[in-house]
Amino acid sequence: MRRLPVPDPGLPDARSATRFLSWLVRRSRMTIIAAVALAAAWMGFQSLVPAMVGRAIDAAAEERGRALLGWGLVLLAVGVVQALTGISRHRLQTVNWLAAAFRTVQVTVRQANRLGSSLPRRLEAGEVVAIGTSDITHIGGAVDVASRGTGALLAVGTVTVLLLHTSVPLGMVVLIGVPALMAVVGGLIKPLHARQQLYREQQGRLTGQAADLVTGLRVLRGVGGETTMVARYRAQSQALRAAGVRTATVESLLEAAQVLLPGTFLVLVTWLGARFAAEERITVGQLVSFYAYAAFLVAPLRQLTDSLDKLTRGHVSARRVVKMLKLARNLPDAPVAIPPPGEELADPESGVRVLPGRLTAIVAEDQADAARIADRLGRYADGATLGRVPLGALPLPVVRERILVAENEARLFSGQLRADLDPYRSGRLPAALEAAVAQDIVDSLPRGLDSVVAERGRTFSGGQQQRLRLARALVADPEILILVEPTNAVDAHTEARIAERLRAVRAGRTTVICTSSPLVLGHADRVLYLEQGRVVAAGTHHELLKSEPRYARAVLREEQP
């Protein structure tokens, strides 16, 4: 028995967007602390440059050569330190951005794996896709602004202290003006938050519809519904565009405020400084410093307003991630004694009993009944038992390790074919390809197993995809393998070879096949025939052909009398 998967301890207990963002910060706390320290040093030294320039000018005006040389050397040293800290800060800032973005991808993928088959019923595909495309960008930006925002606050505080030391009125202008500016910008955040949330929801729905259109385009063309669906998509796309314009209106106001308000504020500081210099209340060097401060403050003030914007966007995106993380499985785990290998798998609702180590075939009057039984036997729906223990009471990792359901809705993933069929390099791939009669498919590829599979395996025919999916299921080699119509897309000659080889490769293992193909049924140890979802006859294929006319009509495709 292979090692059972261990639950990932890194999945956050995210009950709110704020908690989730806090969890991301804690996971990268060392690099974030380092980035904050470097940002503080970077902006702190930068905020001292105007004061040093003013001192150097005053020294030159007073013809103090040694003082001028000293201030020049200090400015050179500060410039070097500022360059080094700025480069290091930017590097760590990028690390924090990427860490938050890709850690979000990790937890959402783990949650998708944990939810399993219940995910499509609980969340639209567009919502999941949007998390991995747009939301991770905003979440990474929200974590990233921690360092820049802290540095900007330190810079504004340093400038305020220096201005208060030089001129109390100028210092008070900065001390009062900055909070007032942030309050005005903050007033635009709430309507922006609401409109971004609405736009995000509509974007997720439209993305899901686009995915459905691409998947079902061939069917739509076949039934003539292409025009109707395109018109519906166009209408929803226009609605999304209108929502985007409304969101952009508030964003444009925010962007304008980020330029206009700091600009107005700095004009006021410059005007007051010029008046004080004309009145000889400050020196020429101090006047130059005020001009430099006026130019310098543009960057930290813009950083502060930009931080509010990024935090808002990140909070909206984090709410979508938290919504997904809060989803619970339809069949939660409960503590119970795990049955040993070799126990009987049964579905009491239909009367299906799967004998251990045997190849059992299920034939249903209505194929949908067989599919529902396969769902119950694989714990995609409740009702089946393993050794008298309900499957719903067993831990899901145990069930997935011991029971594998392979159906035609399964897909081939894009990427290297070898990694798709045998991701753990088990060494069972050659035998599986031989049993699934799929070696010829591999041989026809330019690079064999190293060839890259296109999205959903669309370059393969339906029969080729079916054989490759069967090979992948055989590589997994589970204790119990449940196959739903594994050969209905291949020709009769290939189907006969698969049926013969499948019995050999699964010898001594429990296998269930839901099929009505006589070529496959002839190799089964036991065949169960169902009507209206209940077992009405059991035996070998040849026994049932002789004793059960209803079974013969079902598998030989005979018309009802």
Taking every non-hydrogen atom, the tightest pair across T510 and P356: OG1-CA, 3.4 Å
Heavy-atom pair of closest approach, residues L556 and P518: CD2-CG, 4.4 Å
Side-chain donor-acceptor contact under 3.5 Å, Q464 with R467: no
Nearest non-hydrogen partners of R379 and L391, listed with the distance: CD-O, 3.4 Å
Working for side chain to side chain contact (heavy atoms under 4.5 Å, CB included), residues L24 and R27: CA-CA 5 Å; L24 290 175; R27 297 284 288 186; 5.6 Å; no
Side chains of K310 and H138 in contact at under 4.5 Å (non-hydrogen atoms): no
Pairwise side-chain contact, V352 with V354, heavy-atom cut-off 4.5 Å (strictly under): yes
CG on D144 to OG1 on T94, rounded to 0.5 Å: 7.5 Å
Heavy-atom side-chain contact between L528 and V363 under 4.5 Å: no
Spacing of OG belonging to S350 relative to CD1 belonging to I362, to within rounding of 0.5 Å: 7.0 Å
Approximate separation, where rounding is to 0.5 Å, of Q532 CD and E365 CD: 6.5 Å
Expected output: side-chain T108 to main-chain V105 donor-acceptor under 3.5 Å: yes
Working for side chain to side chain contact (heavy atoms under 4.5 Å, CB included), residues D366 and L530: CA-CA 8 Å; D366 182 358; L530 288 79; over 6 Å; no
Side chain D375, main chain A381, donor-acceptor under 3.5 Å: no
Shortest non-hydrogen contact between L433 and A471, atoms and distance: CD2-CB, 4.0 Å
Rounded distance (nearest 0.5 Å) linking atom CG of L519 with atom CD of E500: 11.5 Å
Lys/Arg-Asp/Glu bridge criterion (N-O < 4.0 Å) met for D525, R503: yes
Heavy-atom closest pair, residues K326 and Q111: N-NE2, 4.4 Å
Side chain D369, main chain E531, donor-acceptor under 3.5 Å: no
Counterpart residues, side-chain hydrogen bond (donor to acceptor under 3.5 Å, both in side chains), relative to S426 (two or more places apart): D422
D347 side, atom CG; R376 side, atom CZ - distance, nearest 0.5 Å: 4.0 Å
Y380 six-ring face occupied by R400 cation (under 6.0 Å, within 45°): yes
Test item: R509 side-chain N/O and I480 main-chain N/O as donor-acceptor pair under 3.5 Å: no
Over all atoms of both residues, closest heavy-atom pair of V405 and G378: CG2-CA, 3.6 Å
Any donor-acceptor N or O pair under 3.5 Å, side chains N96, S28: no
Pair S451-Q416, side-chain donor/acceptor within less than 3.5 Å: no
R425 and R418, any side-chain heavy atoms less than 4.5 Å apart: yes
E401 and P478, any side-chain heavy atoms less than 4.5 Å apart: no
Flag side-chain contact, heavy atom, 4.5 Å: Y424 against V475: no
Point-to-point distance, once rounded to the nearest 0.5 Å, from CG of L412 to CG of L421: 7.0 Å
Candidate list I338, L394, L345, test side-chain contact (heavy atoms from CB on, under 4.5 Å), partner R402, passing option: I338
Side-chain donor/acceptor of R472 to backbone N/O of R469, under 3.5 Å: no
Side chains of S517 and L521 in contact at under 4.5 Å (non-hydrogen atoms): no
Check: Q465 side chain, F460 main-chain N or O, donor-acceptor pair, under 3.5 Å: yes
Any side-chain donor near an acceptor of the partner, Q439 and D443, under 3.5 Å: yes
Donor-acceptor side-chain pairing of R506 and T511 below 3.5 angstrom: yes
Over 12 foreign heavy atoms within 6.0 Å of CZ, R534: yes
Test ring pair (Phe, Tyr, Trp, His ring centres under 6.0 Å) applied to Y529 - qualifying residues, sequence neighbours left out: Y551
Partner of Q466 under side chain to side chain donor-acceptor pair (under 3.5 Å), chosen from N488, T494, T487: N488
Steps toward side chain to side chain contact (heavy atoms under 4.5 Å, CB included) verdict (E485, Q367): CA-CA 9 Å; E485 294 291 353; Q367 292 301 319; 3.1 Å; yes
L359 side chain near V512 side chain, heavy-atom distance below 4.5 Å: no
Residues L483, L470; criterion side chain to side chain contact (heavy atoms under 4.5 Å, CB included); working and verdict: CA-CA 8 Å; L483 302 172; L470 176 59; 3.9 Å; yes
